[in-house]
K.L.:
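If you scroll down you'll find the structure; I have some questions about it.
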Protein chains: 2
Amino acid sequence: MPTAGRVLDHPARADIRLESVLHALSDPARLQVVRFLAELPPGEEVACSAIDLAVTKSTTTHHFRVLREAGLISQVYRGTAKMTALRRADLGALFPGLLDAVLTADAAQRHRSAARQDG
Amino acid sequence: MPTAGRVLDHPARADIRLESVLHALSDPARLQVVRFLAELPPGEEVACSAIDLAVTKSTTTHHFRVLREAGLISQVYRGTAKMTALRRADLGALFPGLLDAVLTADAAQRHRSAARQDG
DNA sequence: TTCTTAGTACGATATACGCCGTAGTACGCA
DNA sequence: TGCGTACTACGGCGTATATCGTACTAAGAA
């Protein structure tokens, strides 16, 4: 019998709130996670540990929870790992173009920062 | 001679950060302000008092400051009023499509809420 | 069973946020 | 000068956030 304590709950598509999504994306660490997931082939999942955040593991757990509760990512246990994927379909259906716009904006900002560094 | 204490400082275009913009937009009251400003003809300014938020004036002041410091709006004193406008050009140059995507997402979410109410 | 790996839960702390009320300032007008 | 309007500044309050460290649990391998 499956371990009840290891089931994670996610908001249904209809319960995903724009404000929560924007708030979740407004933290650099969480934006980094989303950027990482967005670069994977659609549908692909990775373990939390595949993403190297500049914070401790417990803080990482916290950020993943914020992303999950906002509806940005889905997570399932797979052995010892917890696999994470972007909820592209849900986000695309609710807020068409939003995720792309944020990722494009992020890429542009990062590009500008890099250019400034290079002088 | 102009009163020094009444000059408001705004971040330069290059200093506007995506994270701050997303954070500013993640509050319902501030999103309401941006929605209101976005519906005006481009370049048009309004006084703070033209936007009716469900909070006190001091809280309104707070939200306007957050929006200004994030680079979303510009504000200038014009007599006793403080005129506010969306920084469309700066936002469009830095993060093309972002503002539209957020406003579209907000409109869609509001539309869904209304539909749910109507049954 | 023991060890390792992956992630969680909990408690603590410092800071930020959203909100309010009161008191104050700047400007325009009578 | 005095008054009203528009907005600000400050202090307080309660909650949320970001962070950490330590202790813990689940699953798999030796």
Side-chain angles (χ1 to χ4, degrees), chain A residues 1-10 17-34 36-37 45-70 72-85, chain B residues 1-10 17-34 36-37 45-70 72-85:
Chain A
M1 117 186 203
T3 315
R6 305 212 87 199
V7 175
L8 298 159
D9 45 84
H10 298 72
R17 301 289 307 167
L18 175 60
E19 300 86 339
S20 305
V21 168
L22 294 176
H23 174 252
L25 292 172
S26 73
D27 181 279
R30 293 192 293 258
L31 191 49
Q32 179 185 341
V33 171
V34 171
F36 183 95
L37 294 174
E45 298 172 332
V46 293
C48 295
S49 54
I51 305 172
D52 194 39
L53 299 182
V55 293
T56 64
K57 284 208 298 182
S58 46
T59 302
T60 300
T61 298
H62 161 70
H63 285 309
F64 274 84
R65 181 168 50 236
V66 172
L67 286 168
R68 176 167 46 82
E69 291 179 350
L72 275 158
I73 62 174
S74 60
Q75 299 188 289
V76 291
Y77 285 102
R78 191 98 73 215
T80 68
K82 187 177 179 182
M83 307 305 288
T84 301
Chain B
M1 123 186 197
T3 314
R6 304 214 88 201
V7 175
L8 298 160
D9 46 82
H10 299 70
R17 302 289 309 168
L18 176 61
E19 299 87 339
S20 305
V21 168
L22 294 176
H23 173 252
L25 292 171
S26 72
D27 181 277
R30 292 193 293 258
L31 192 50
Q32 179 184 340
V33 171
V34 171
F36 182 95
L37 294 173
E45 297 171 333
V46 293
C48 295
S49 54
I51 305 172
D52 195 36
L53 300 183
V55 293
T56 64
K57 284 210 294 184
S58 46
T59 302
T60 300
T61 297
H62 161 69
H63 285 310
F64 273 85
R65 181 167 49 234
V66 172
L67 286 168
R68 176 167 46 81
E69 291 178 351
L72 275 158
I73 62 174
S74 60
Q75 298 187 291
V76 291
Y77 285 103
R78 191 96 75 216
T80 67
K82 187 177 180 181
M83 306 306 287
T84 299

K.L.:
What is the distance from OH of Tyr77(B) to C1' of dG28(C), rounded to the nearest Å?
P.N.:
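Those two atoms, OH and C1', are 16 Å apart.
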K.L.:
With sequence neighbours left out, write down each residue that passes salt bridge (charged side-chain N to carboxylate O under 4.0 Å, His left out) with Glu19(B), or none if nothing qualifies.
P.N.:
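Counting only residues at least two positions away or on another chain, Glu19(B) forms a salt bridge (charged side-chain N to carboxylate O under 4.0 Å, His left out) with Arg17(B).
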K.L.:
With sequence neighbours excluded, tell me which residues meet side chain to side chain contact (heavy atoms under 4.5 Å, CB included) with Val34(A).
P.N.:
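For Val34(A) the side chain to side chain contact (heavy atoms under 4.5 Å, CB included) partners, ignoring immediate neighbours, are Leu25(A), Leu67(A), Leu86(A), Leu99(A), Leu103(A).
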K.L.:
Once side chain to side chain donor-acceptor pair (under 3.5 Å) is applied, do any residues pair with Glu45(A), and if so which ones, sequence neighbours excluded?
P.N.:
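Counting only residues at least two positions away or on another chain, Glu45(A) forms a side chain to side chain donor-acceptor pair (under 3.5 Å) with Arg78(A).
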K.L.:
Quick one: which residue pairs count as a salt bridge (Lys or Arg N to Asp or Glu O under 4.0 Å) with a foot in residues 47-61 of chain B, not counting sequence neighbours?
P.N.:
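Found none.
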K.L.:
In residues 52-65 of chain A, what residues come within less than 4.0 Å of DNA chain D, judged by heavy atoms?
P.N.:
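Close to the strand are Val55(A), Thr56(A), Ser58(A), Thr59(A), His62(A), His63(A).
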K.L.:
Can you name the residues that form a side chain to side chain contact (heavy atoms under 4.5 Å, CB included) with Thr59(A), not counting sequence neighbours?
P.N.:
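With neighbours one apart ignored, the set is Val55(A), Thr56(A), His63(A).
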K.L.:
For the pair made of CD in Glu19(B) and P in dC17(C), what is the distance, rounded to whole Å?
P.N.:
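Rounding to the nearest Å, CD of Glu19(B) and P of dC17(C) are 14 Å apart.
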K.L.:
Taking atom C1' of dA16(D) as reference, at what distance in whole Å does atom NE2 of His23(B) sit?
P.N.:
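It is 11 Å, rounded to the nearest whole Å.
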K.L.:
Counting side-chain heavy atoms from C-beta on, which of dC7(D), dT5(C), dG7(C) comes nearest to Cys48(A)?
P.N.:
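Taking heavy atoms from C-beta onward, the closest nucleotide is dG7(C).
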K.L.:
Could you check Thr80(A) against Met83(B) and say which one's nearest nucleotide on DNA chain D is further toward the 5' end?
P.N.:
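Result of the comparison: Met83(B).
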K.L.:
Return the value, rounded to whole Å, for the distance between atom CD1 of Ile51(B) and atom P of dC7(D).
P.N.:
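Answer to the nearest Å: 10 Å.
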K.L.:
Quick check: does any side chain N or O of Arg68(A) sit under 3.5 Å from a backbone N or O of Asp9(A), one acting as donor and the other as acceptor?
P.N.:
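The answer is yes, because a donor-acceptor pair under 3.5 Å joins these two groups.
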K.L.:
Which ones in residues 24-34 of chain B lie close to DNA chain D, meaning a heavy atom under 4.0 Å from one of its atoms?
P.N.:
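The answer is none.
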K.L.:
Got a sec, which residues hit side chain to side chain contact (heavy atoms under 4.5 Å, CB included) with Gln32(B), two or more places apart in sequence or on another chain?
P.N.:
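Counting only residues at least two positions away or on another chain, Gln32(B) forms a side chain to side chain contact (heavy atoms under 4.5 Å, CB included) with Arg35(B), Leu53(B).
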K.L.:
Could I get the full list of side chain to side chain contact (heavy atoms under 4.5 Å, CB included) partners for His62(A), not counting sequence neighbours?
P.N.:
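For His62(A) the side chain to side chain contact (heavy atoms under 4.5 Å, CB included) partners, ignoring immediate neighbours, are Arg30(A), Arg65(A), Val66(A).
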